[in-house]
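First listed ligand is number 1; within each ligand, the first listed atom is number 1. Quick caveat: nothing in here was measured; it's all calculated off a predicted structure.
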Amino acid sequence: MNIILLGPPGAGKGTQAQRLVERCGMRQLSTGDMLRAAVKAGTPVGIKAKAVMERGELVSDEIVSALIGEELDSMGDDAGAIFDGYPRTAAQAEALEGILGSRGRSLDYVIEIDVDEDALVERITGRFSCATCGKGYHDTFEQPRMPGVCDKCGGTEFKRRKDDNAETVRTRLEEYRAKTAPILPIYDARGIVRKVNGMADMDDVTEAIEKILAG
Ligand code: ADP
Ligand code: ADP
Ligand code: ZN
């Protein structure tokens, strides 16, 4: 099974991908995570991407598609792939067809996480994650069960993203509207888009996605 989670910044793509990984043994392929790792490591890709990401603009199609190809090659053929934050442009959607096809894979579903735009700034400015294992949290909507201790790994250090501020969110949302939302009709024409209500509780969103994957 190969699926895309599609939705604006803060829709819940990462949250739902992490849950699916734990429950279904699929792999999460997040270009945002890959790019942040490259920035941290100071690789040539990271050096190119850093300022673009801080402005909330999109990194080049060539860079992200190459990252996705490498990541797919590093995982077993049997593991399902959850594309989180990729593709984000028509060119990336087209590249993905080739990337999957040449590896004997094909897309099963595009899960559109539908959210109220007014909720996104609060979602994003309250977002943080475990510095050790990456589990996502929120100041209001998902605090660790024991304050200051990660539910998943017991880690006590947390981090916030530099681009998770109200101003950058506006640019990211504009990029989503202009470049990412227009790829939905391409998939819709193929009959593989399934919409879920991203304003529901996280558990309910997970349940809705699992129902879709179960067929
Ligand atoms: P994305 O990967 O689409 O940018 P995230 O999964 O990181 O979004 O979610 C953004 C923030 O909103 C996180 O802090 C997360 O805990 C929170 N969040 C995710 N889904 C929901 C939901 N259904 N209801 C309330 N908050 C949510
Ligand atoms: P969010 O969780 O808010 O949707 P991501 O972590 O997916 O954000 O992406 C953070 C930033 O990384 C984006 O604003 C963009 O600069 C860059 N990025 C991530 N994925 C892509 C992609 N597929 N194409 C271009 N840029 C990307
Ligand atoms: Zn942790």
Side-chain angles (χ1 to χ4, degrees), residues 4-19 28-39 45-46 48-68 82-89 91-93 95-96 111-116 119-144 148-165 168-176 179-180 183 196-209:
I4 294 172
L5 297 182
L6 200 84
K13 303 180 296 293
T15 302
Q16 296 303 327
Q18 287 185 347
R19 287 162 169 237
Q28 174 186 13
L29 290 89
S30 159
T31 40
D33 287 348
M34 294 172 208
L35 289 167
R36 280 184 289 279
V39 169
V45 162
K48 266 192 200 157
K50 188 170 188 281
V52 179
M53 293 172 76
E54 281 173 10
R55 288 196 300 271
E57 293 166 10
L58 294 183
V59 173
S60 82
D61 294 329
E62 291 71 25
I63 286 181
V64 292
S65 294
L67 288 173
I68 284 286
I82 306 166
F83 297 99
D84 162 12
Y86 178 94
R88 263 176 153 97
T89 64
Q92 291 176 27
L96 180 59
I111 313 279
E112 179 189 0
I113 307 183
D114 190 31
V115 279
D116 185 346
L120 297 179
V121 171
E122 187 185 9
R123 286 233 188 141
I124 285 174
T125 53
R127 164 161 69 187
F128 64 99
S129 63
C130 172
T132 310
C133 75
K135 164 141 184 40
Y137 293 99
H138 191 280
D139 291 329
T140 310
F141 306 125
E142 195 184 12
Q143 280 282 355
V149 183
C150 175
D151 296 350
K152 193 176 158 193
C153 77
T156 53
E157 269 183 60
F158 297 87
K159 58 183 182 186
R160 287 178 194 263
R161 280 166 49 180
K162 209 171 184 178
D163 60 341
D164 276 350
N165 57 75
T168 309
V169 172
R170 264 194 294 278
T171 308
R172 285 155 62 193
L173 202 52
E174 277 163 23
E175 291 280 66
Y176 178 80
K179 297 172 186 164
T180 309
I183 70 180
V196 297
N197 174 17
M199 296 308 292
D201 281 351
M202 288 174 213
D203 290 343
D204 294 337
V205 180
T206 309
E207 203 174 295
I209 296 174

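At least one donor-acceptor pair under 3.5 Å links the side chain of N165 to the backbone N or O of T168. Proximity of a side-chain donor or acceptor of R161 to a complementary backbone N or O of R36 within less than 3.5 Å is not detected.
Between atom CD1 of residue I183 and atom CG of residue L96 there is a gap of 9.0 Å, rounded to the nearest 0.5 Å. Taken from NZ in K179 to CG in L58, the straight-line distance is 5.0 Å, to the nearest 0.5 Å. Remark: S65 OG to Y86 OH distance equals 3.0 Å, nearest 0.5 Å.
Annotation: Y137 places an N or O atom under 3.5 Å from an N or O atom of ligand 1; distance criterion only. Note: no N/O pair closer than 3.5 Å links M199 and ligand 1 by distance alone.
Every residue meeting the salt bridge (Lys or Arg N to Asp or Glu O under 4.0 Å) condition with K162, not counting sequence neighbours, appears here in chain and number order: E54.
In summary, the atoms of ligand 1 found under 4.0 Å from a heavy atom of F141, numbered by their order in the structure, are 25 (C), 26 (N). Set against the non-hydrogen atoms of G198, the atoms of ligand 1 under 4.0 Å away are 23 (N).
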Report task. Kindly indicate, with the supporting measurements, whether the criterion side chain to side chain contact (heavy atoms under 4.5 Å, CB included) is fulfilled by I63 and L35. Result -> CA-CA 9 Å; I63 286 181; L35 289 167; 4.1 Å; yes

**Report entry** Residues I68, M34; criterion side chain to side chain contact (heavy atoms under 4.5 Å, CB included); working and verdict
**Finding:** CA-CA 9 Å; I68 284 286; M34 294 172 208; 4.1 Å; yes

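Residues lining ligand 2 at a heavy-atom distance below 4.0 Å are given as P9, K13, T31, G32, L35, R36, M53, E57, L58, V59, V64, G85, Y86, R88, Q92, R127, R161, D163, R172, ordered by chain and residue number.
The closest side-chain heavy-atom distance from R88 to V64 is not below 4.5 Å.
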Can you give each donor-acceptor pair under 3.5 Å made by side-chain atoms of residues 133-141, sequence neighbours left out, with the distance rounded to 0.1 Å?
residue : atom : partner : partner atom : Å
K135    : NZ   : E142    : OE2          : 3.1
Y137    : OH   : D151    : N            : 2.8
H138    : ND1  : T140    : N            : 2.9
H138    : ND1  : F141    : N            : 3.1
H138    : NE2  : E122    : O            : 3.0
H138    : NE2  : R123    : O            : 3.2
D139    : OD1  : R160    : NH2          : 2.8
D139    : OD2  : R160    : NH1          : 3.2
D139    : OD2  : R160    : NH2          : 3.4

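Here A17 has no heavy atoms under 4.0 Å from ligand 1, in either its backbone or its side chain.
Nearby protein atoms of type N, O or S around the Zn ion (ligand 3) amount to 4 (distance under 2.8 Å).
Paired with L6 under the rule side-chain contact (heavy atoms from CB on, under 4.5 Å), one option of D84, T180, I113 passes, and it is T180. Across I111, V196, I82, T206, a single residue satisfies side-chain contact (heavy atoms from CB on, under 4.5 Å) together with Q16, and that is T206.
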